[in-house]
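The next block holds one structure in the form of structure tokens; read it before the comments.
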There are 2 protein chains.
Amino acid sequence: MDAEAPVRRRRTRIQTEKRELILDAALDVFSQHGFRGATIDQIAEAAGMSKPNLLYYFRSKEAMFTTLIERLLQTWLAPLRELDDIGDPIGELRSYIRRKLEMARDYPRESRLFANEILQGAPRIQHLIEGELKPLVDEKAALIKGWMKAGKIAKTDPWHLIFSIWATTQHYADFDVQVRAVLGPDRGGDGRFEDAARYLEQLFLEGLRPKG
Amino acid sequence: MDAEAPVRRRRTRIQTEKRELILDAALDVFSQHGFRGATIDQIAEAAGMSKPNLLYYFRSKEAMFTTLIERLLQTWLAPLRELDDIGDPIGELRSYIRRKLEMARDYPRESRLFANEILQGAPRIQHLIEGELKPLVDEKAALIKGWMKAGKIAKTDPWHLIFSIWATTQHYADFDVQVRAVLGPDRGGDGRFEDAARYLEQLFLEGLRPKG
DNA sequence: CTAACGTTTGTCCAATCGGTCAAAAATGCG
DNA sequence: CGCATTTTTGACCGATTGGACAAACGTTAG
């Protein structure tokens, strides 16, 4: 049931630190090569320690991955959790999009790791998707539906709306190589996220139809 | 230069057939597990033949992958190639979005294989992205920019517009497991693509701002 | 100092990997 | 038929993989 470290009684200071160090290295390697493509040796080297030493802190490659992806999902869903009925609907959605785009910019490894797992059929996190993600999305979809009924935003499908926000924002993390290559060295630099933010705001709020 | 089969002189009927059979099996396996995650044994079993026999038709795992992804890119870019100045701009974009969504529906394996490769930094197709994809996108972005200047569609960033079309449509192939799980057994069935089509059309044309 | 406990590593192992090879089986052709 | 060519396979190989293990090393409390 618990896929954790030696943990006889309490967790040592060293254990806490080294586990964090390992998880960071593992995130590097897993997000770049996927679960099967990553090797324990690679992770150990990235963490600056020997393979058996790494396996002293995590009993298996699977344990590292699980720990990583469960923690990641919480971070990843946080912005959606914050979506609520306090401000005005348009503003709420606008800042949700902005926050998701910031996450793609600041935590691209997490995004890629998650994408990799879903791409391969989510064999290790199916239960999290059905048990955590779906209920949360259903709840927020209901909230959004309320805004539509009240005429605060245009009537459309709230689930697909959420999908499209995920897709467009995470695209800048998951397909980063392609985005950069297509934009070229000038436009593909640091400014690409501000350009994306401006574009996405217009897309979601106004669409492409010319005014007037 | 040519990473092909035994090919002494011409390609036999059997060679042509078996190579197609193998490529189909390889697409199954590669799209599910990525390049490193896939094994020749898996592909051989999926193709219903022995491993050495498979290696008689393709000299290596890499050769299968390369053949597959080069062919795939052509299919994948075809809809964008068709984008031109003949019809009215709004209609052109509308049908581009529709075609891309149909491809996500009909060729999800291709989409996933491509996504997998990009996710991992496109180590094997960097040259195709820079040599083929970028020029095509630049060309079409210029076309779209012309439409904006002429007031046919709203002024915005054509490159990011293309990204957002890719992201939203391919999402339904790449994140299929998640989409289905979130929509549930009722809404996640065959109708999800029609729902998506309706939603995306509204998003891209009108945005979320309520009318009036 | 020393015993107990936490940490680190060198060495090893069975399983799996991509790929080779020679020989057998099937096929095409005069 | 008989011969050449193409197709198929079992056996094998070196390299890499995830992981086990015991011995060594470090740290700390009494």
Side-chain angles (χ1 to χ4, degrees), chain A residues 2-23 25-30 32-69 120 123-124, chain B residues 2-30 32-69 116 120 123-124:
Chain A
D2 108 17
E4 301 310 280
V7 68
R8 201 169 294 273
R9 293 187 159 280
R10 235 179 177 289
R11 202 163 278 168
T12 315
R13 176 185 54 87
I14 293 187
Q15 274 175 12
T16 315
E17 287 172 8
K18 290 285 168 94
R19 280 175 63 92
E20 286 310 310
L21 188 78
I22 292 170
L23 286 178
L27 182 54
D28 265 357
V29 179
F30 278 137
Q32 203 168 85
H33 304 287
F35 181 77
R36 276 225 44 194
T39 72
I40 300 189
D41 290 278
Q42 278 178 301
I43 299 173
E45 199 195 329
M49 61 178 70
S50 68
K51 180 167 66 166
N53 195 13
L54 187 150
L55 284 166
Y56 168 73
Y57 291 104
F58 288 89
R59 65 159 54 115
S60 69
K61 188 178 162 185
E62 185 101 23
M64 278 181 267
F65 191 86
T66 311
T67 308
L68 216 42
I69 211 157
Q120 296 179 9
R124 276 167 283 267
Chain B
D2 105 18
E4 301 309 282
V7 67
R8 199 167 295 272
R9 293 188 158 279
R10 236 181 176 286
R11 203 162 278 168
T12 316
R13 174 186 53 88
I14 293 187
Q15 275 174 11
T16 315
E17 289 172 7
K18 291 282 167 100
R19 280 175 63 91
E20 287 309 310
L21 188 78
I22 291 170
L23 285 177
D24 190 70
L27 183 53
D28 265 357
V29 179
F30 278 136
Q32 206 168 86
H33 303 286
F35 181 77
R36 275 224 46 192
T39 72
I40 300 188
D41 289 276
Q42 278 178 301
I43 300 173
E45 199 196 329
M49 62 178 69
S50 68
K51 180 169 65 169
N53 195 14
L54 185 150
L55 285 166
Y56 167 73
Y57 291 104
F58 288 89
R59 64 159 55 115
S60 70
K61 189 177 161 184
E62 186 102 21
M64 279 182 268
F65 191 86
T66 310
T67 308
L68 216 41
I69 212 157
N116 223 314
Q120 296 178 11
R124 275 167 285 266

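Labels below follow one simple rule: chain letters A, B, ... track the order of the sequence lines, proteins then strands, and each chain is numbered from 1. Treat the numbers as computed from the prediction; the structure is a model and nothing was measured.
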Mind calculating the distance between NE2 (A/His33) and C1' (C/dC17) to the nearest angstrom?
-> 17 Å
Side-chain donor/acceptor of A/Arg19 to backbone N/O of A/Tyr57, under 3.5 Å | yes
Below 4.0 Å: OP1/OP2 of C/dT7 and any side-chain N or O of A/Asn53 | no
Base of D/dG19 paired with side chain of A/Lys61 (donor-acceptor, under 3.5 Å) = no
When A/Pro52 and A/Thr39 are each assigned the nearest nucleotide of DNA chain D, the 5'-most assignment goes to A/Thr39
Can you tell me the distance, in whole Å, between the CE atom of B/Met49 and the C1' atom of C/dG19?
-> 17 Å
Mind calculating the distance between CD (B/Glu17) and C1' (C/dA26) to the nearest angstrom?
-> 15 Å
How long is the gap from CZ on B/Phe35 to CD on B/Gln120, to the nearest 0.5 Å?
-> 10.0 Å
Here the distance between atom C1' of C/dT7 and atom CG of A/Leu54, to the nearest Å, is 13 Å
Any A/Tyr57 side-chain N or O less than 4.0 Å from OP1/OP2 of C/dG6 | no
With respect to the phosphate group of C/dG6, does any side-chain polar atom (N or O) of A/Lys18 fall under 4.0 Å of OP1 or OP2?
-> no
Heavy-atom side-chain contact between A/Lys51 and A/Thr39 under 4.5 Å | no
Tell me: CZ of B/Phe65 to C1' of C/dC17, nearest whole Å?
-> 18 Å
Closer than 4.0 Å, any side-chain N/O of A/Tyr56 to the OP1 or OP2 of C/dT7?
-> yes
Note: for A/Gly48 and B/Ala38 on DNA chain C, the residue whose nearest nucleotide lies more 5' is A/Gly48
Taking the side chain of A/Lys51 as heavy atoms from C-beta outward, which of C/dC17, D/dG19, C/dT8 is closest to it?
-> D/dG19
Atom-to-atom span, CE of A/Met64 to P of D/dT17 - whole angstrom = 14 Å
Give A/Leu55 one of three labels, base, sugar-phosphate or nothing, depending on what nucleic acid heavy atoms sit under 4.0 Å from its own.
-> base
Got B/Met49 and B/Ile22 here, is their nearest side-chain heavy-atom distance under 4.5 Å?
-> yes
Indicate, with a heavy-atom threshold strictly under 4.0 Å, whether A/Ala44 touches base, sugar-phosphate, or nothing.
-> nothing
Quickly work out the B/Asp41 CG to D/dT16 P distance and round it to whole Å.
-> 18 Å
Is B/Gln15 near enough to D/dT6 that one of its side-chain N or O atoms lies under 4.0 angstrom from OP1 or OP2?
-> no
pair A/Ile69-A/Arg124: side-chain heavy atoms closer than 4.5 Å = no
Rounded to the nearest angstrom, tell me the gap between atom CD in B/Gln42 and atom P in C/dT16.
-> 12 Å
